[in-house]
Amino acid sequence: MYSHQTEPVVVLGGGVIGLSIAWELAEAGWQVTLLERNHVGFGASSGNAGLIVPSYTLPLGGLDAIGEGIRAVFGGSKTLCLGRLTDWKKITWLARFVAAGRMRDRLRVASDINAVAQLSLHRYREIMGVDEGSFCDLTNCGWLDIFETPSSLGKALTEVRKLESLGNRWEHLSPNEVYDRVPGLDVPVSGGILHTDDWVVSPDRVIGAFYDKAIRAGVTVLEHTEVTRVTTKGRRVCELGGNFGVVPVGHWIIAAGWESGTWLHRMGASQSLMPGRGYSITLMSDRAAPKHALNFVERHVVVSVQGTRVRVTGGMDLDPGTPATDAFRLADIRTTGQHLLPQLAWEESVDWAGSRPMTPDGRPLIGPLTGWDNVTIATGHGMLGMTLAAGTAALVRQLFENGGRPPAQMRPFLPG
Ligand SMILES: Cc1cc2nc3c(=O)[nH]c(=O)nc-3n(C[C@H](O)[C@H](O)[C@H](O)COP(=O)(O)OP(=O)(O)OC[C@H]3O[C@@H](n4cnc5c(N)ncnc54)[C@H](O)[C@@H]3O)c2cc1C
């Protein structure tokens, strides 16, 4: 099913994951059609922080993070907000999230993901870094974690030392070194950690680049095309249907972001996904922009420079979102950002919200779907979809080129 290059491969979802896979497979000679309900980049893949961060592969931590989430319900924290707990799917997901929270397990996940992040960075540099680096604003600016309290700095230093074997370089900065690197910073700080190997891109430009490359490689991209039906025969998917009629399927790749969860359920898989809603405010000028990407750890606000714009991001709400909640959360991030960095160009900006596809243990799901001969899944990249996209696509290409045998780096992410 993987070796017959004339059978149509149908990719569901025009986010960074679906687009990069569609391009890689078309480059390798497969005939690819990509179906996207809205326009490419509509989901989580255009308005995010754009960090390519091999340093940030430790998943959120079980009970600690749940404590934060409960405090968020009562207004005391802004990281993970649990939202309403009326839904069994969410309660089951949270139970799995807590079960996956032991440090030993999280370190194993971090190590597996780091390998894909390194592959991804290598691939980004290869495909965009040399000729089109300025086009995607791929920049090795480093990522600076800024701590206001000694206790959170101490906790982060312990974690970063535990991850040292992965080879990500970092520096511990004193408060004065933080102020030197972030002119205009207007809060007392207890120190910083600078991750020197981390990069930033402009996500919408990456989407544009993958789209152009996909079209040039022969991918048929159908936008405003919503898949609602799947026709199966035995262990095979034969057709996808929806508002566009039907398309025949030789091989189906599910890359529909957080909504992939619905398809996993419909195909009988036990894995579950939650939408992790986040928000961004894009400032249209880079006036007074910091030279590093910044992470205000206790405030859960990230600032990244993307070409001539500055983006301020935050929030992790386990709910699909409503316009009222989005407006409330965006106002909160704006107030916090203005307090931290008042000199930025806050006067002209664009608001955005999108949902990350979150697995309970932080492991993406990449590989053939158990029980089916012609279905592959590529989702669940959570907070790291930009970081992992080029690497994920390279692994899926290897899977196809190996006739369906998963490459070694894919094995920790196989569904089921
Ligand atoms: C605030 C925020 C900041 C972030 N910052 C970073 C960062 O700095 N670095 C990083 O690595 N990651 C970051 N992320 C995470 C990253 O954005 C996501 O992991 C990534 O975009 C997921 O990509 P995707 O292609 O899987 O999903 P999506 O981008 O959501 O794409 C899925 C697509 O599938 C389409 N679709 C769904 N169902 C159907 C259907 N039935 N028919 C047709 N089409 C369908 C949707 O319309 C959507 O366009 C951030 C996310 C957020 C929210």
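Only heavy atoms go into these numbers, but all of them, side chains included; no hydrogens, no water, no symmetry mates. Counting starts at 1 for both ligands and their atoms, in listed order. Values in this document were obtained by computation on a predicted structure and should not be read as measured data.
For atom 26 (O) of ligand 1, the nearest non-hydrogen atom of the protein is Ile17 CG1, 3.4 Å. For atom 39 (C) of ligand 1, the closest heavy atom belonging to the protein is Arg37 NH2, 3.7 Å. Of all protein heavy atoms, the one closest to atom 12 (N) of ligand 1 is Met383 O, 2.9 Å. The protein atom (non-hydrogen) at minimum distance from atom 2 (C) of ligand 1 is Arg356 NH2, 3.5 Å.
Comparing Met316, His224, Arg311, Glu36 against atom 35 (C) of ligand 1, the shortest heavy-atom distance belongs to Glu36. When the heavy-atom distances from atom 23 (O) of ligand 1 to Ser45, Gly15, Pro203 are ranked, the shortest goes to Ser45. Here atom 17 (O) of ligand 1 lies nearest to Ala44 when heavy atoms of Ala44, Ala117, Gly385, Gly242 are compared. The closest heavy-atom contact to atom 1 (C) of ligand 1, among the options Phe244, Phe42, Tyr279, Trp263, comes from Tyr279.
Of the possible polar contacts, none joining the Glu27 side chain to the Ala217 backbone as a donor-acceptor pair under 3.5 Å is found. Under the 3.5 Å distance criterion, the side-chain polar atoms of Thr359 are matched with a main-chain donor or acceptor of Arg363.
Partners of Trp258 under the ring-ring contact (aromatic ring centres under 6.0 Å, His included) rule, at least two apart in sequence or in another chain, do not exist in this structure.
Shown in contact with Gly278 at under 4.0 Å from a heavy atom are these atoms of ligand 1, numbered in order with element: 1 (C), 53 (C). Near Val16, with a cut-off below 4.0 Å to any heavy atom, the atoms of ligand 1 are 23 (O), 25 (O). Those atoms of ligand 1 that come under 4.0 Å of a heavy atom in Leu384, given as number and element, are 10 (C), 11 (O), 12 (N). Ligand 1 places these atoms under 4.0 Å from at least one heavy atom of Thr225: 42 (N), 43 (C). Atoms of ligand 1 lying under 4.0 Å from any heavy atom of Asn38, numbered from 1 in the order shown and given with element: 47 (O).
Looking at Glu401 and Arg397, a side-chain N of the basic residue comes within less than 4.0 Å of a carboxylate O on the acidic one, giving a salt bridge. Taking a cutoff of 4.0 Å between a charged side-chain nitrogen and a carboxylate oxygen, Arg287 and Glu348 do not qualify as a salt bridge. A salt bridge links Glu126 to Arg123: one of the charged nitrogens lies within less than 4.0 Å of a carboxylate oxygen. With respect to the salt-bridge test (charged N to carboxylate O, under 4.0 angstrom), the residues Glu239 and Arg229 do not qualify.
In terms of N/O distances under 3.5 Å, ligand 1 is approached by Leu51.
At a cut-off of 3.5 Å, with distance as the only test, no side-chain donor of Trp30 or Glu7 sits close to an acceptor on the other residue.
Residue Trp258 does not touch ligand 1, judged by heavy-atom distances below 4.0 Å. Only side-chain heavy atoms of Leu12 come within less than 4.0 Å of ligand 1; its backbone N, CA, C and O stay farther off.
The shortest separation from a heavy atom of Thr379 to ligand 1 is not under 4.0 Å, leaving the residue out of contact. Note on ligand 1: Ser280 sits outside its first shell, no heavy atom being nearer than 4.0 Å.
Pairs engaging residues 28-45 under the salt bridge (charged side-chain N to carboxylate O under 4.0 Å, His left out) rule: Arg37-Glu226, Arg37-Glu259 [sequence neighbours left out].
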Test salt bridge (Lys or Arg N to Asp or Glu O under 4.0 Å) applied to Asp137 and Arg205, step by step: CA-CA 8 Å; Asp137 305 315; Arg205 292 183 167 213; 3.7 Å; yes
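Under the 6.0 Å cut-off for aromatic ring centres, Trp143 and Tyr56 qualify, their centroids lying closer than that.
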